[in-house]
Amino acid sequence: MRPIDSIIQEVRSEAPLVRTFWLDKQLDPAPGQYVMVWIRGVDEVPMSFSSPDTITVQSVGSATQALFNLGAGSSIGLRGPFGNGFVLRGKNILLVGGGVGTAPLAFLGEQARGAGIKVTSLVGFCSSQDIIFQDRFEALGGLIITTDDGSVGIKGHVAEGLKEFDLAEFSQIYLCGPEVMMWDIISRTREHAGKIQACISRYFKCATGVCGSCCLDPEGVRVCVEGPVFMADRLIESEFGRYKRGPDGRKGQCRG
Amino acid sequence: MRPIDSIIQEVRSEAPLVRTFWLDKQLDPAPGQYVMVWIRGVDEVPMSFSSPDTITVQSVGSATQALFNLGAGSSIGLRGPFGNGFVLRGKNILLVGGGVGTAPLAFLGEQARGAGIKVTSLVGFCSSQDIIFQDRFEALGGLIITTDDGSVGIKGHVAEGLKEFDLAEFSQIYLCGPEVMMWDIISRTREHAGKIQACISRYFKCATGVCGSCCLDPEGVRVCVEGPVFMADRLIESEFGRYKRGPDGRKGQCRG
Amino acid sequence: MPSLTVHAGGLTLRNPVMLAAGILGTTGASLRRAALAGAGGVVTKSLGSVPRDGHPGPTIVQVDCGLLNAMGLPNPSYKKFQEEIDIARTGGVPVVASIFGSSAEEFAGIARGLDADAFELNLSCPHAEKYGSELGRYPDLVEAVTGAVKAAANAPVWVKLTPNTADIVELGQAAQRGGADAVVAINTLKAMAIDIETGYPILGNRFGGLSGPAIKPVAVRSVYDLALRLDIPVIGVGGVTSWEDAVEMIMAGACAVQVGTALQKGYGIFEEISLGLARYLERKSMTLEDIRGMAGRHY
Amino acid sequence: MPSLTVHAGGLTLRNPVMLAAGILGTTGASLRRAALAGAGGVVTKSLGSVPRDGHPGPTIVQVDCGLLNAMGLPNPSYKKFQEEIDIARTGGVPVVASIFGSSAEEFAGIARGLDADAFELNLSCPHAEKYGSELGRYPDLVEAVTGAVKAAANAPVWVKLTPNTADIVELGQAAQRGGADAVVAINTLKAMAIDIETGYPILGNRFGGLSGPAIKPVAVRSVYDLALRLDIPVIGVGGVTSWEDAVEMIMAGACAVQVGTALQKGYGIFEEISLGLARYLERKSMTLEDIRGMAGRHY
Ligand SMILES: Cc1cc2nc3c(=O)[nH]c(=O)nc-3n(C[C@H](O)[C@H](O)[C@H](O)COP(=O)(O)OP(=O)(O)OC[C@H]3O[C@@H](n4cnc5c(N)ncnc54)[C@H](O)[C@@H]3O)c2cc1C
Ligand SMILES: Cc1cc2nc3c(=O)[nH]c(=O)nc-3n(C[C@H](O)[C@H](O)[C@H](O)COP(=O)(O)OP(=O)(O)OC[C@H]3O[C@@H](n4cnc5c(N)ncnc54)[C@H](O)[C@@H]3O)c2cc1C
Ligand SMILES: Cc1cc2nc3c(=O)[nH]c(=O)nc-3n(C[C@H](O)[C@H](O)[C@H](O)COP(=O)(O)O)c2cc1C
Ligand SMILES: Cc1cc2nc3c(=O)[nH]c(=O)nc-3n(C[C@H](O)[C@H](O)[C@H](O)COP(=O)(O)O)c2cc1C
Ligand code: FES
Ligand code: FES
């Protein structure tokens, strides 16, 4: 499909470097699916849905900055929704998110609540000013917040918040955030890896499963079409948490 | 569509230069529709269906001769069915055919009988030995045969046989045969032109309505897709009976 | 409704949607029918100096997203065609005579012998020996043929280019040097299909030209490159099947488009495309000039 | 089941269905996955002498019956790629290194620095400045590059040709003169798509290469022409999506085929095509050699 033209309906600032964009197209995504966002003349980048008709973007480089220059009435191109999305399992779930990675989890949590599932959330941010979607998570059920600087909630990384829960109680655990954070959680909770779904990120170019840019070692799994959501036990056997490839295919660190 | 491969199941000689070929593909044609028959390495030519799975061919030139060299088990390529076909109207119809042009009429008559319609036939040939489908037409109902040499039935052209009928009795009249014969009939029965359907022939190259080879003056009607069956009153206003174009687009006589 | 009138290579067209060469262009009647159905202009079947029957069948194969054809330039010769052009003209839109030859002289002779509203030089048919792209692939021959016809003809001269080349812009520049009033891009891509039951090439001529939606991205790119680099207008042809395709072609830089294979959908295609184009311009509050070459300005 | 083993340009392949260059070829793991899924051989992403990020996005557009891409030859450089090739080889089929450069020396340097089962010279990518078809359109450069790599490499050398030319056979003959062990035809057709809401060329690089079913008739014709005129084997690529397509390509004269865009359907495509091919041969009681080049023998 060619990119669909979409007019931005509204932009809301969630935190200093995070904004939510309302789209005028109903793409009917599942939580965890993503869309390729074309900022014309600049680049095309993957973004998770933060609700059926929004994306929530952190400004980190040229494409995201260019997107921040667009207001309501501006248009962008959209290809998607793509990827597999999260699968709801059981009646009592835990969402574990970090930073802008909380976006697809808020969407998932709302869908779960609508289906009568009990939702608990653990979300972490750098500092109080970086917190996003606090109201959305509060509305879902129990919420624990962590901040690196301790300005709100538990001080420390998200994993610090794990102590508050007995993970055995949850039917499924959903994870999204920076790779180091997800890796931190997964390595501390290996015995639960069979019920953790993590939404991960790799460098996407084609988003259609042909270019090979997003493939995960050692099996060559195409994250863009077979993911971006994977069971943690599958990730444990992969490159995840150890390295990721850049646009040129070279291995690099898996920060960010 | 690419040509479909079809194995010839059986070949039957109907007259010295006329043979029927049974095809192994069910193309589900309507009477009056045609198929483009590819004799590999030679040419591709249009042929009417003489029943749901047969064509009946008169050998007149290179492609038809090459087809005559193929027996049961040989394969040809088929594109079709194409064109509009005859439309059954009313409860009492007359078929008027000449030579191999009787082929689609026998098919039509059988379909009409199956639908409980009364069928009468008037068919003409050069001589007794050229008669084809006599049994099929006899099985349909009343049958008048004409031969140019008088060896069987009424002597003379098909039009001679018209005197045997009160055309006003028929709900619809169906015509197929050499253009001069059809023109002869149509000009003698102008008052009935609104209920005569004629299956005509022009030089077909593409059979898909783009090349322009088959267009009828003065309206540029594409016989290959808008025909080959037309109401006679429409033909009266056209080039039909006056000239037809050859493979190079030049006008020529409308024999054959 | 916004105006769709365009001035294209010496002609004024009431709308920019023309009938392409070789499509329903064998008779004056079918050309007039295209005009009456809404075409902004029509192009005849390519005419040579002697009658040709064309290649044996199959002359056409439907493939994924397109047609393969090897008609082989059947035509009654230009000498027999003036009466058809005269009938076509009663349709009320410009009639462009497509002509072909094997030398500059042959081209010029045909142009001299015909009265038409413009000439389109077929230097691009990929499947007729000694003709079309066998000349049209060489810039010097393109220039020479164009120059000769320009000198002989009393009507605008358009040059139809082949995409079977490493650089279509070189060919367009040659046409421009020869004095062409416009270039037309593109003719079909050299292609073939094989019957897998028997191994026979399906076309009677073995290979032919690919047209239809399959080649549209190649046509759009050709028009884009030509429009950016030439001073003369570009007419876009190749896979135009909808008004969206026409918009894309015009944004690439075409001042008019021609429609060929899409005539498989019937003559209604002209009105469908023009109407869609007009509605688009109305919705965007833009003119044809506004969108023409827009893609080049986004560079 | 009939044997599908083929000897193609110095390699022995257990079946003639290979992974095409640039498709899931960035990592050893994805190449090995193709091998394990049934490919008869795999070709890497094209490798240059320095790392490249490739073009900005969109790098791909889905069009009617095909894909447009302008990846821009992203690659980690050949220096970083030996370990990937070594992993790919654990898949058990030949690993062909696709390489590119802007001069014969650069090509030769890369070939010298890599240990692979064969080299495929990308003289045909249509959308990377200074590389690919910018060299590959000139027969003398094709010959020179081929010769240089032949002298430098200790493995068979295949040359991948561009269809963006008036005569692909000239390019194939140049490769043959340079000592190529096989030619691979075709790379993508230069093409583009424009966003009609804004007039922007959709690809970040504006233009790119068209692949998929849209180009199959062009690929079949190229393979046919090359196979009739060259003495070295031809590997067919372009739009192969089904076993029927593979049969058509082999009948055109290909001794093996490569599959690119059809990987959109998943890795299962290799087994699907090989199985279909084997069943076809069984039904016809023929071997691969029987059908190879059959179309040329029907001339
Ligand atoms: C499945 C998926 C879902 C995502 N969802 C979100 C989201 O909801 N909100 C959000 O803010 N971000 C999300 N991202 C990350 C987002 O795509 C990058 O932040 C964005 O591409 C940065 O582009 P840039 O030009 O601004 O930065 P650049 O300066 O180009 O790069 C900064 C970093 O962004 C990443 N990046 C750049 N381009 C890509 C690309 N094409 N694919 C993947 N990563 C890239 C790289 O890690 C790079 O180092 C998601 C990524 C993936 C793969
Ligand atoms: C709609 C239609 C239905 C037909 N049905 C039958 C049928 O049921 N049985 C039958 O025997 N014949 C039928 N014909 C006529 C048949 O197509 C020709 O007899 C055949 O094409 C002759 O080919 P040839 O190579 O043997 O002869 P040629 O030597 O090539 O030509 C002999 C004559 O056949 C006609 N002809 C040749 N090629 C074509 C062509 N491509 N299209 C139309 N006419 C052509 C021309 O009048 C020509 O003068 C039909 C024609 C049409 C248009
Ligand atoms: C059946 C057919 C016949 C054609 N004949 C001619 C011709 O005589 N002269 C010419 O210049 N182009 C001819 N063409 C090419 C078309 O004019 C046009 O350039 C090409 O088909 C691409 O446009 P399309 O995709 O809209 O068909 C022919 C194309 C087809 C399909
Ligand atoms: C996304 C993509 C990337 C490609 N990258 C390369 C490449 O790096 N080197 C190369 O020689 N060909 C490359 N190609 C061309 C393919 O190898 C192949 O020649 C072309 O796509 C036609 O085959 P297909 O229709 O099966 O895809 C690429 C094609 C695509 C679609
Ligand atoms: S981004 Fe191209 S295969 Fe995943
Ligand atoms: S045969 Fe081509 S239009 Fe009718």
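So you know, we letter chains A, B, ... as the sequences are listed, proteins then strands, and number each from 1. The analysis underlying the following values was restricted to heavy atoms, covering all of them including side chains, and did not include hydrogens, waters or symmetry mates.
The pair D/Asp225-D/Arg229 does not meet the salt-bridge criterion, since no charged nitrogen lies less than 4.0 angstrom from a carboxylate oxygen. Looking at D/Asp64 and C/Lys216, no side-chain N of the basic residue comes within less than 4.0 Å of a carboxylate O on the acidic one, giving no salt bridge.
Side chains of D/Ser124 and D/Ser133: no donor on one and acceptor on the other come within 3.5 Å. Between the side chains of D/Gln176 and D/Glu143, no donor-acceptor pair is found at a separation under 3.5 Å.
Counting heavy-atom pairs closer than 4.5 Å to chain C, the top-ranked of the candidates D/Val63, D/Asp195, D/Thr165, D/Thr162 is D/Thr165. Listed options D/Ile215, D/Ile196, D/Val220, D/Asn164 were ranked by heavy-atom pairs under 4.5 angstrom with chain C; first place goes to D/Ile196. Your options are D/Glu244, D/Met251, D/Arg221, D/Glu197, and the one with the most heavy-atom pairs under 4.5 Å with chain C is D/Arg221. Across C/Arg137, C/Met249, C/Glu248, the residue that shares the most heavy-atom pairs under 4.5 angstrom with chain D is C/Glu248. Heavy-atom pairs under 4.5 Å with chain D were tallied for C/Ala214, C/Pro217, C/Cys65; the largest tally goes to C/Pro217.
At a 4.5 Å heavy-atom cutoff, the contact between D/Val218 and chain C is made by backbone and side-chain atoms alike. Heavy atoms closer than 4.5 Å to chain C are found in both the backbone and the side chain of D/Tyr200. Using a 4.5 Å cut-off between heavy atoms, D/Arg283 contacts chain C through its side chain alone, with no backbone atom that close. In this structure, the portion of C/Leu210 lying under 4.5 Å from any heavy atom of chain D is its side chain and not its backbone.
The aromatic rings of D/Phe100 and D/Tyr131 sit perpendicular to each other, their planes meeting at more than 60°, with 30° as the lower class boundary.
Counting heavy atoms of neighbouring residues, nucleotides and ligands inside a 6.0 Å radius, atom CD of C/Glu271 does not exceed 12 of them.
Contact check for C/Leu189 versus D/Leu189: side-chain heavy atoms found under the 4.5 Å cut-off.
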